[in-house]
A.B. asks: 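Sharing a structure with you now.
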Amino acid sequence: MTAKLALRDIVVRRGNAEILRVLQLDVTEGEVLAVLGPNGAGKSTLLQVLALLERPAQGEVLFDGSPVAGRELKLRRQMAAVFQESLLLDRSVAANIALGLSLRGMPRGQRRERVHYWLHRFGVDDLADRSGRHLSGGEAQRVSLARAFVLEPSIILLDEPFSALDQPTRESLADELVAVLSETGITAVFVTHERDEAARLADRVAVIVDGQVQQIGPTAEVFSSPADETVAAYVGVETVAPAKVLESHDGLVVLSVGYAHVEATANGFKASEALVCLRPEDIVLSVTESEIQTSVRNRLRGTVTGIKPAGAEVRVEADCGFPLVASITRRSLEELGIAIGTPVTASFKATAVHLIPRGT
Amino acid sequence: MTAKLALRDIVVRRGNAEILRVLQLDVTEGEVLAVLGPNGAGKSTLLQVLALLERPAQGEVLFDGSPVAGRELKLRRQMAAVFQESLLLDRSVAANIALGLSLRGMPRGQRRERVHYWLHRFGVDDLADRSGRHLSGGEAQRVSLARAFVLEPSIILLDEPFSALDQPTRESLADELVAVLSETGITAVFVTHERDEAARLADRVAVIVDGQVQQIGPTAEVFSSPADETVAAYVGVETVAPAKVLESHDGLVVLSVGYAHVEATANGFKASEALVCLRPEDIVLSVTESEIQTSVRNRLRGTVTGIKPAGAEVRVEADCGFPLVASITRRSLEELGIAIGTPVTASFKATAVHLIPRGT
Amino acid sequence: MELIWDGIREAFRIIGTGDREVWSITLRSLLVSGSATLLALIIGISIGALLAFRRFPGRNLAVTLVNTGMGLPPVVVGLVVAIFLWRSGPLGPLGLIYTPAAMVIAQTIIAAPLVTGFTVAALGSLPSRLRPQLYALGASRLQMLWLVLQEARLPLFAAIMAGFGAAVSEVGASLMVGGNLAGETRVLTTAVVLAAQRGEFAPAIALSIILLALVFLINLVLTGVQQRESRS
Amino acid sequence: MELIWDGIREAFRIIGTGDREVWSITLRSLLVSGSATLLALIIGISIGALLAFRRFPGRNLAVTLVNTGMGLPPVVVGLVVAIFLWRSGPLGPLGLIYTPAAMVIAQTIIAAPLVTGFTVAALGSLPSRLRPQLYALGASRLQMLWLVLQEARLPLFAAIMAGFGAAVSEVGASLMVGGNLAGETRVLTTAVVLAAQRGEFAPAIALSIILLALVFLINLVLTGVQQRESRS
Amino acid sequence: GSDETLILATTTSTFDSGLLDELEPLFEEQTGLNLKIIAVGTGQALEMGRRGDADVLVVHAPTAEEEFVEEGYGVNRQLVMHNDFVIVGPDDDPIDMRSAEDAVTALLGLRTSEMTFVSRGDDSGTHKRELSLWNELGFDPAGEDWYLESGQGMGATLQIANQREAYTLTDRATYLALKDVLDLEILFEGDPGLLNIYHVMQVNPDTSGDINASGATAFVDFMVAGETQAIIAEFGIDKFGQPLFVPDAGRSVAELTEE
Ligand SMILES: Nc1ncnc2c1ncn2[C@@H]1O[C@H](COP(=O)(O)OP(=O)(O)OP(=O)(O)O)[C@@H](O)[C@H]1O
Ligand SMILES: Nc1ncnc2c1ncn2[C@@H]1O[C@H](COP(=O)(O)OP(=O)(O)OP(=O)(O)O)[C@@H](O)[C@H]1O
Ligand SMILES: [Mg+2]
Ligand SMILES: [Mg+2]
């Protein structure tokens, strides 16, 4: 399959400085790609290139497999991009949201309905008649998101879309986004500094450092085996594993992960596939099987495959049907006598399992 | 003690809309106050009033106990405020950072050293000669933070200061901030949407909803007993308890929390007092004592004091020497037969304990 | 001082009695300077947008030339345009000298640098990322221009008024290329000069007042339009 | 066309031979219009900042009046100023009529609305939160103004040039209140008019070229200053 | 000189000839006064006199001047010099004005042929003289299609006539000054009714307190002084090969018209 959007041998310069160099980047139709990386890495610049707004000094951008040169306007109208700053126009919020539609010549009557739908979806109904210039930071960000989503584009490019939102909104919007993206099959690329958001939303993650793509791959892969320390610093180290839902009842979901079964709290979860995420500090290791009753619902037997010191703690990698990482204190390591090859039981609560729904 | 900054009976209007009403708010000298709340709640407006930039339609602002009217400039020069947007001037980054100092008439030679120090501290040394207009979002935010900190003011007001920073920087800056604030005894008020940041940095937390202060109090108090559901939605529910360090060795810290002792990984922790934070999903409840060896270092006995359904999960409140909250599945609740009054053991790993150092 | 009062009284008398000649001179002023302003807007906004948005070698020089253009003395413009339009001049065969068209040309040259200057000022201080954001929402080049012009509508409004003001208030060029011919190319300013030369100060002031009232009225009308626009 | 070539040749001849009279007329133009521009800047920037930053009842009317002011015909300004300054006028005893001071007054009135208009345009499109942010960093009112003016330096630079351009290129008012007295109040524009009236077109064009060269030079110098400023 | 100033209001045509530029330093040297020559329209010059904004006038509109004196605004009016008006037009002279016997027949030819004629239409001395000629013909050309009113000074009016290949009435001095850039030829001259007579007069010091009466008297005296009159007689010869003005001090208007 040809990529929806692809970069070949791109170089972007500002003055004499080379700020972005991408040998190859393919964004597949329907996928969600998260871009992570330190400040000033070139993430926003990458997005500008993908949005056909910055013509690179060198290299080619391909849309559906063919070079974009000369048809930028037509192609741009199939996309929508939201910048890091919300650049709203000095007109009403409703007019701001309707902007892209009227640029595409949609008649006023038709616009109204769409605009209202998206006003509502981003929780800014009340602001419809207010000026785009007098909004709070978060309100402005919502409006600028609505302004892009209302276009129902086939590609959407978002630059730190949730940075100014309050946490509950951020979470519910992330949920919505997951729903919208999977409903519509929109191709999406978004820049974020929030690992959770990336893990939750993205099919693939690209980590950019110093103007270069340091690692790109499926979310689980990047998160669980970062290519190097720099990447690790930006994605964190977590256990992330693909899983299939086996059954789901009483608010509990049972999943098969690798050779193991894992129970998790459902919390409205409905998909048939998922990524299972576990924080290292949520996993308890024990060397003997216990029979007592606790609120721990998952007990997986396995073998220690690696031990890495990490500050005051130690990260223990174990294969328990799938690879997982637990962080324990040095003293526990000694007391339990854990070494590579030691058989261990990894326990974690169903509530500690974070599920990320996956596609169809 | 009179408050450093105080609001009395403040009302702020925009057009006909009342967007902020504060009966009383005292910011004590040397304290760090975090302001949380939904988008559009009036947090930024509150900060503007505290920064003496917005004259309220009604009410009084007190500085060191006396009304500010007429001496705004003098008082403003004892403060520094960083806005939500980084409004950098069209001059070099170094000149931007030196701005406040030159406004105060500091000679060029003296300025240079200070500017360089803060450039370095915010990791923007390399940008010193670049124009303030051509920075990435995160770079701009760092510069605008440096521009305020270089003033070494007695009060600092920060509006979502870390929203555009990458996560490692955010964390290291938060650490730095803790250090700077406790070193210098600066009074600080900051707006944030990140609960962790608030918990980590603030002595007190104010939650603003709909233009009104919904709850204000010591961080631990607000986080562990939110006044109502709205507040709870914004602060999250965690166990947050004040603790004293008893001993510290081998990368482990032992603390006394209420009547209990808790072990935590040190990770560079050095203070003598702390807030102990525990996520509900990190706490395992069991009804019988186990003797087996696991990597769990904390086992506290106590009694269940409350049970609250929360989505697919249940939040169980227990008094184990100090009040804590665990989230478990409904099925575990049934299987374990937990009810109010049930004696339980709460276990959690030392690595799961998040310590927030507290100053003297 | 008395003269000014006399002039004001005279102005009201003229307006009240609806003096046909004054009326036709006013209309001519409006038509000539209105056309010139329109042309100046087209030229000024195009060049202004170019200078505000594009970086190219020679841009600084171009800006300096525009600024210099704001100092073009009407008499000089008049003289040069006349030299071109005189029968002996390269454009003589067009027969434009001493016609309203010639005045439109001269006034356009006078007004265009001002409009350009205001356009550069207005568009230059918009946030630099606004344009890419508009493109990102699907704007074509022209739509982008239209949107940023609306965004900068207040200063652009000043550009229109400065252009019209410069055109309608100018006298040196109109005299030179228009000839101040009664019933053909006499406009308000040239009529004022004539009255002043005749020592008829009160009528001169009356005509000036009518001229200023015209400018003021157009301002009011455009302000009204602009505010209605921004509300919708 | 020939006339223009003759004029250009004449201009070079004059500049080459350093004609003392032309030199003194040029210097006078520079002094009179320079002073007027300075005064217009003080007035225009103050009023402009007020209009750009403050919301008060009657503000719209004030903006409309400023815009109308950009359409003040120099002849009218000249006439009204003359009426005040003539011996028979209220300010007659000051003895200012037919002096450079009178010309400075008239040119200031002509240039000030343009400077005001540009200032409003320049300051009005700065981000609205810039000013509070500057206050928050400890700026006094004056420091804030100074900083935002620097921030808007490009359009303000246009304001200076528009003001100077309007002042130096104007002729109607200078003739009226200055009297075009040789060696006293004759400036470049009035000299051009006189030459043109005397049918001496080549010298008229030569003087025009010198006038434009003056405006261009001042532009260049100010551009240089401004760019040096922005670098430091 | 001294800071005592004397304001002379004069018509543009007098001024544009350059004569006054030549006389100014002489006068200032002789009297120590600072002479300010304000070149304005005839109407404006007289109005400035009425309002006391000028001290002395040099104008060429005899009828209006007499009125001015009668109203009590002007005193010490003296004949200074004269030249004459001529009718100029395109060299091919389609209406054969060259053969006209007097000024009125010359204008009659214009009226019947409806050849374009450019009038100054600015109430200047020249314009007034032109109107009086039409008046003699018993015809009011105002509003005729072929009759253009330029509303401007002589120079501009000549230029318009030139561009339109039209006829116009001009004073000889201005015509000579502009001859090089014009395609117009003198087609009619020499009628005694076409004399262009310049007077100098003092503004009546009784009408306003600010008038520099002694200076004004000195200027009138200067203009009719023999030395000055000699300069006037010579003025223009170097440039045009003929004098532009004929000095007339001590003569009367009646004497002139009789010649
Ligand atoms: N005109 C310029 N000259 C030199 N470097 C520039 C210029 N403009 C931008 N840059 C640099 O390009 C780099 C990439 O910027 P970009 O905005 O893409 O970063 P980013 O990854 O989005 O960062 P952030 O997380 O802070 O938003 C930055 O280091 C920035 O300083
Ligand atoms: N001109 C105005 N007219 C009416 N309401 C206004 C105006 N300006 C601001 N507001 C409203 O005031 C409220 C408070 O704004 P403020 O910027 O203080 O919010 P905030 O708490 O900082 O939000 P955020 O988290 O999004 O930054 C918002 O709802 C905003 O829409
Ligand atoms: Mg960015
Ligand atoms: Mg805010």
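Both backbone and side-chain heavy atoms feed into the values below; hydrogens, waters and symmetry mates do not. Letters go in sequence order (proteins before strands), and every chain restarts at 1. Keep in mind it's a predicted model, so treat the numbers as computed, not measured.
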A.B. asks: Do Thr351(A) side-chain atoms and Ser327(B) backbone N/O form a donor-acceptor pair below 3.5 Å?
C.D. replies: yes
A.B. asks: Among Val316(A), Val284(A), Val353(A), single out the residue with the greatest number of heavy-atom pairs under 4.5 Å to chain B.
C.D. replies: Val284(A)
A.B. asks: What residue among Gln141(A), Glu139(A), Arg142(A) forms side chain to side chain donor-acceptor pair (under 3.5 Å) with Asn39(B)?
C.D. replies: Arg142(A)
A.B. asks: Could you tell me whether the side chain of Glu281(A) reaches within less than 4.5 Å of the side chain of Arg279(B), counting heavy atoms only?
C.D. replies: yes
A.B. asks: At a heavy-atom separation under 4.5 Å, does Glu85(A) approach chain B through its side chain, its backbone, both, or neither?
C.D. replies: neither
A.B. asks: So which heavy atom on Gln167(A) is nearest to which on His193(B), and how close?
C.D. replies: OE1-O, 2.8 Å
A.B. asks: Kindly give the heavy-atom pair with the smallest separation between Glu160(A) and Ala164(B), and that separation in Å.
C.D. replies: OE1-CA, 4.0 Å
A.B. asks: Counting heavy-atom pairs closer than 4.5 Å to chain B, which one of Lys349(A), Lys43(A), Gln84(A) comes out on top?
C.D. replies: Lys349(A)
A.B. asks: Among Leu333(B), Ile283(B), Leu36(B), Val344(B), which residue forms the greatest number of heavy-atom pairs with chain A at distances under 4.5 Å?
C.D. replies: Ile283(B)
A.B. asks: Return yes when atom CG of Asp125(B) has more than 12 non-hydrogen atoms of other residues, nucleotides or ligands closer than 6.0 Å, and no otherwise.
C.D. replies: yes
A.B. asks: If you count heavy-atom pairs under 4.5 Å between each of Leu165(B), Asp282(B), Val296(B), Thr169(B) and chain A, which one has the most?
C.D. replies: Leu165(B)
A.B. asks: Identify the two heavy atoms, one from Thr329(A) and one from Thr265(B), that lie closest to each other, and give their separation to 0.1 Å.
C.D. replies: CG2-CG2, 3.3 Å
A.B. asks: Side chain, backbone, both or neither: which part of Ser136(B) has a non-hydrogen atom closer than 4.5 Å to chain A?
C.D. replies: side chain
A.B. asks: With side chain to side chain contact (heavy atoms under 4.5 Å, CB included) as the criterion, how do Arg130(B) and Arg14(A) come out once you've worked through the C-alpha distance, each side chain's angles and the decisive distance to 0.1 Å?
C.D. replies: CA-CA 12 Å; Arg130(B) 287 262 301 281; Arg14(A) 292 282 153 76; over 6 Å; no
A.B. asks: Relative to chain A, which segment of Ser44(B) carries a heavy atom at a distance below 4.5 Å: side chain, backbone, both, or neither?
C.D. replies: neither
